[in-house]
S.K.: 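After the structure tokens below, expect a handful of questions from me.
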Amino acid sequence: MSIYDKASLVLIPSGTKTSKVYSQKPVSGDGDFTFSRSTAATRVNADGNIEKETQNLLLQSNSFDTSWTKNNVTTTSGQSGYDGSNDAWLLSKGAAAFTNLIQSVTTSGVNTFSVYAKSGTLTQLTLRDSATNIYARFNLSDGSLITTSGSPIATSIEDVGSGWYRCSITMSMSSASLQIYPDWNQTTAGNIYIQDAQLEQGLVARDYIETTTAAVEGGITDNVPRLDYTDSSCPALLLEPQRTNLITHSEYIGGYTNYASTDTHNDLESPEGVENAVLFAGDGSQSQVFLSTPDITLSSAGSYTISVFAKKGTNDYMQISLDGFVGAGNGSAYFDLENGTTPTSGASVEDYGNGWYRCIVVVTIAAGDLVGKIALRVSSSTSSFFFSSASEANGKSIYIYGVQFEQGSYATSYIPTYGTSVTRNADAALKTGVADLINDGEGSLYMEVTPTNFEGDQRFGISDNIGANRIVLRLFNPSNLQLSCVIGSSVQVSISNNGYSAGNTYKIAGAWKDNDAVIYINGVQVATDTNCNITPSNPLTRISFDNGVGSAKWENPVSQTMYFPTRLSNEELAELTTI
Amino acid sequence: MNTFRKYEFGSQGAATTKINALGVDEEGNPTHSHSIVRLGHIVVTEGTYDDEGEELTAPVLSDNYCVDMLWSGEPDPSWEAQLVWPNPNVLGVHVFGSSSAIREYISTVKSIHPEYFPEPSEEDLI
């Protein structure tokens with residue numbers, strides 16, 4: 001019999017659905033974990049790209065005879081579409097003024113409005129928000145942009161074949177009245193074809209989502225577990241604490257203070273795999289080049305982490321610094337974007353592929369000044385941000401994406417923001433009512449993890465669901481791994497070792513029965529306890545990534561876990577945990 | 001269904017008292033499942049800075065201490081006295097990243113304060 005065969009519960013994260021993480025054992029599904037996180041989030045997907053929540057905020061996104069108001073136009077369904085379907089619509093106008101389809105939407109921040117379109121007897125499409133009078137007019141005969149008004153953040157017309165184009169306009173908006181004009185000309189009657197309208201947060205149009213009577217979210221939305229592929233072809237279940245990105249615009253920099261730079265949105269493919277990175281370049285007017293965020297106010301002092309995805313352009317170096325926040329510690333850091341390194345203590349770099357690096361610096365905010373900004377500089381080296389002259393700075397460029405500023409001493413997964421700061425809530429995974437899988441008197445727990453942090457007090461294990469009896473593997477600050485058995489509210493086992501660190505892989509196993517408890521880490525027995533009584537006062541019924549009552553949540557990626565209803569032999573524990 | 005709401009308190013201490021009343025264990029961990037973000041005294045007027053980032057005038061902060069809540073279910077009625085509906089940006093400076101909760105919040109604001117959402121004029125619609 002293999003060690004695996006002895007396990008009553010095995011979780012190798014590979015299958016999920018909303019609110020559920022599937023376990024490999026038991027095959028009945030009785031050991032599947034219930035998952036919750038009451039907000040959206042992001043992950044690195046199997047393609048290595050950052051994946052977000054997706055959405056379509058429009059109603060009846062491809063039924064232009066329902067939630068859309070018609071102004072001197074008619075719509076006819078059943079037309080041949082860009083996707084080979086017959087789901088396109090003929091949008092016809094008379095020789096009149098004000099000919100359009102309208103839908104009012106309440107949203108906020110930076111949004112992108114997109115429509116697939118093809119020329120008919122007319123060759124123009126205009127997309128407009130009448131509340132702000134921002135619009136873009138596209139030529140459907142040659143795929144060009146004719147004109148814009150009101151300074152949209154970005155526009156795009158993409159050839160999708162067979163004469164069809166996906167046209168989009170990106171704007172800041174709140175109460176929007178979105179309009180589709182088949183042509184602006186008031187004296188000409190005619191038609192164009194349209195299909196699949198979408199409104200979504202962000203700087204670019206992403207995959208289309210059909211809607212009917214309500215807006216629809218997809219991707220990593222509320223309660224969707226995250227299988228994260230960072231640095232690996234094998235996924236880990238990503239469990240993180242609640243964090244807030246205090247930057248109100250993480251991708252759109254129009255509200256930032258710009259000094260001697262020209263900045264172009266949607267200039268390069270970002271780590272998200274879509275073209276929404278910002279080109280940040282010196283304009284030659286000064287010998288330093290920077291962007292700084294609007295004022296940020298913090299509610300308390302302590303450790304905060306700044307992170308920015310960056311890629312070299314014509315320049316190899318970047319500086320991140322605090323402005324304001326008087327008295328802050330470690331308030332600036334330099335990064336080498338050619339080699340993916342930093343000389344600054346307290347700073348680090350993570351490789352996201354394709355030349356992109358996540359540049360991270362942990363700062364300490366002093367209680368005396370809780371207001372300030374984050375500044376990004378195209379810098380001349382890893383020791384100075386001044387170029388030798390203004391002309392030397394001219395054209396020196398880097399690309400940036402995903403600015404994040406969060407309370408805590410390490411960076412968590414990216415939290416996109418489009419006009420307000422945003423909180424991603426904590427992940428939680430547990431299974432109750434599994435007394436049939438658990439042996440109260442003895443057992444073994446196993447985890448394989450590559451921690452990103454050793455912060456706080458993080459636990460995984462079995463319990464009676466009220467906390468009087470709980471047996472957990474525990475990771476805690478600053479570098480400790482532990483087996484803890486609390487039986488009848490009395491600590492019976494607390495055996496641990498320290499000196500472990502983030503970024504390394506650990507295979508941890510704890511095993512217990514009366515007067516015989518042990519913990520193995522990476523094939524080595526690190527501690528034992530021969531004086532313990534394992535007779536729970538209540539049945540053990542719950543397995544969870546916390547302390548058994550919802551606190552001390554596990555806040556690190558998990559590659560594998562197993563529970564065994566027997567105390568495995570020391571030889572088995574050594575074999576199980578050998579790297 | 002989670003419910004997103006915004007609150008203001010006269011002081012940080014008053015906010016802490018109210019938050020702790022929701023339940024904490026002996027180690028200070030919350031015993032409830034609501035999500036809380038302390039925004040503190042938020043910026044109401046931006047500071048001004050010179051070309052090198054040096055502060056010319058300090059930002060002006062709100063007198064009140066702000067707290068955002070994502071309630072598990074319906075809001076606690078005892079928090080009603082501190083409930084606020086910021087205007088004009090509707091969402092204020094912070095949200096929880098839940099599209100469904102944001103949608104419910106905007107819908108509720110719209111019903112209570114329709115003046116925050118002016119209807120487009122006939123001229124706008126042309």
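Below, each value reflects all heavy atoms present in this structure, side chains not excepted, and no hydrogens, waters or symmetry copies. Naming: A, B, ... by sequence-line order, numbering from 1 per chain. What you see is a predicted model; the values in this text were computed from it and never measured.
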S.K.: Just how far is it from atom CZ of Arg103(B) to atom CD of Gln55(A), taken to the nearest 0.5 Å?
M.R.: 8.5 Å
S.K.: With chain B, which of Leu246(A), Asp295(A), Asn72(A) has the greatest number of heavy-atom pairs at distances under 4.5 Å?
M.R.: Asp295(A)
S.K.: Judged by atom type as modelled, is there a donor-acceptor pair below 3.5 Å linking the side chain of Ser299(A) to the main-chain atoms of Arg38(B)?
M.R.: yes
S.K.: Where is the tightest heavy-atom contact between Ser35(B) and Ser38(A), given as atom of each residue plus distance?
M.R.: OG-OG, 4.4 Å
S.K.: Return the OG1 to CD1 distance between Thr106(A) and Ile102(B), rounded to the nearest 0.5 Å.
M.R.: 13.0 Å
S.K.: With sequence neighbours excluded, tell me which residues meet side-chain hydrogen bond (donor to acceptor under 3.5 Å, both in side chains) with Gln103(A).
M.R.: none
S.K.: What distance do Leu91(B) atom CG and Thr248(A) atom OG1 have between them, rounded to the nearest 0.5 Å?
M.R.: 12.5 Å
S.K.: Against chain A, work out which of Ala58(B), Gly97(B), Cys66(B), Pro30(B) has the most heavy-atom pairs shorter than 4.5 Å and name it.
M.R.: Gly97(B)
S.K.: Contact part of Ala375(A) toward chain B, heavy-atom cut-off under 4.5 Å: side chain, backbone, both or neither?
M.R.: neither
S.K.: Is it the backbone or the side chain of Ile42(B) that comes under 4.5 Å from a heavy atom of chain A, or both, or neither?
M.R.: both
S.K.: Among Pro59(B), Ser100(B), Ala101(B), Ser72(B), who wins on heavy-atom pairs under 4.5 Å with chain A?
M.R.: Pro59(B)
S.K.: Heavy-atom distances under 4.5 Å only: say whether Val93(B) touches chain A with side chain, backbone, both or neither.
M.R.: backbone
S.K.: Which answer fits Asp25(B), side chain, backbone, both or neither, if we ask what part of it has an atom under 4.5 Å from a heavy atom of chain A?
M.R.: side chain
S.K.: With a 4.5 angstrom heavy-atom cut-off, which part of Leu61(B) approaches chain A: side chain, backbone, both or neither?
M.R.: side chain
S.K.: Counting only non-hydrogen atoms closer than 4.5 Å, does Gln201(A) touch chain B with its backbone (N, CA, C, O), its side chain (CB onward), both, or neither?
M.R.: neither
S.K.: So, applying side chain to side chain contact (heavy atoms under 4.5 Å, CB included) with Phe96(B), which one of Thr244(A), Val422(A), Asn425(A) is it?
M.R.: Asn425(A)
S.K.: In terms of heavy-atom pairs under 4.5 Å with chain A, which of Ser99(B), Ser107(B), Gly40(B) leads?
M.R.: Ser99(B)
S.K.: Take His94(B) and Thr423(A) through the test side-chain hydrogen bond (donor to acceptor under 3.5 Å, both in side chains) and record every step on the way to the result.
M.R.: CA-CA 8 Å; His94(B) 167 265; Thr423(A) 295; 2.5 Å; yes
S.K.: Can you tell me which of Leu39(B), Asn2(B), Val95(B), Leu70(B) forms the most heavy-atom pairs within a distance under 4.5 Å of chain A?
M.R.: Val95(B)
S.K.: Quick one: does any side-chain atom of Gln242(A) pair with a main-chain N or O of Ile36(B) as donor and acceptor, under 3.5 Å?
M.R.: yes
S.K.: Name the residue from Thr39(A), Asn223(A), Asp222(A) that meets the side-chain hydrogen bond (donor to acceptor under 3.5 Å, both in side chains) definition with Ser98(B).
M.R.: Asp222(A)
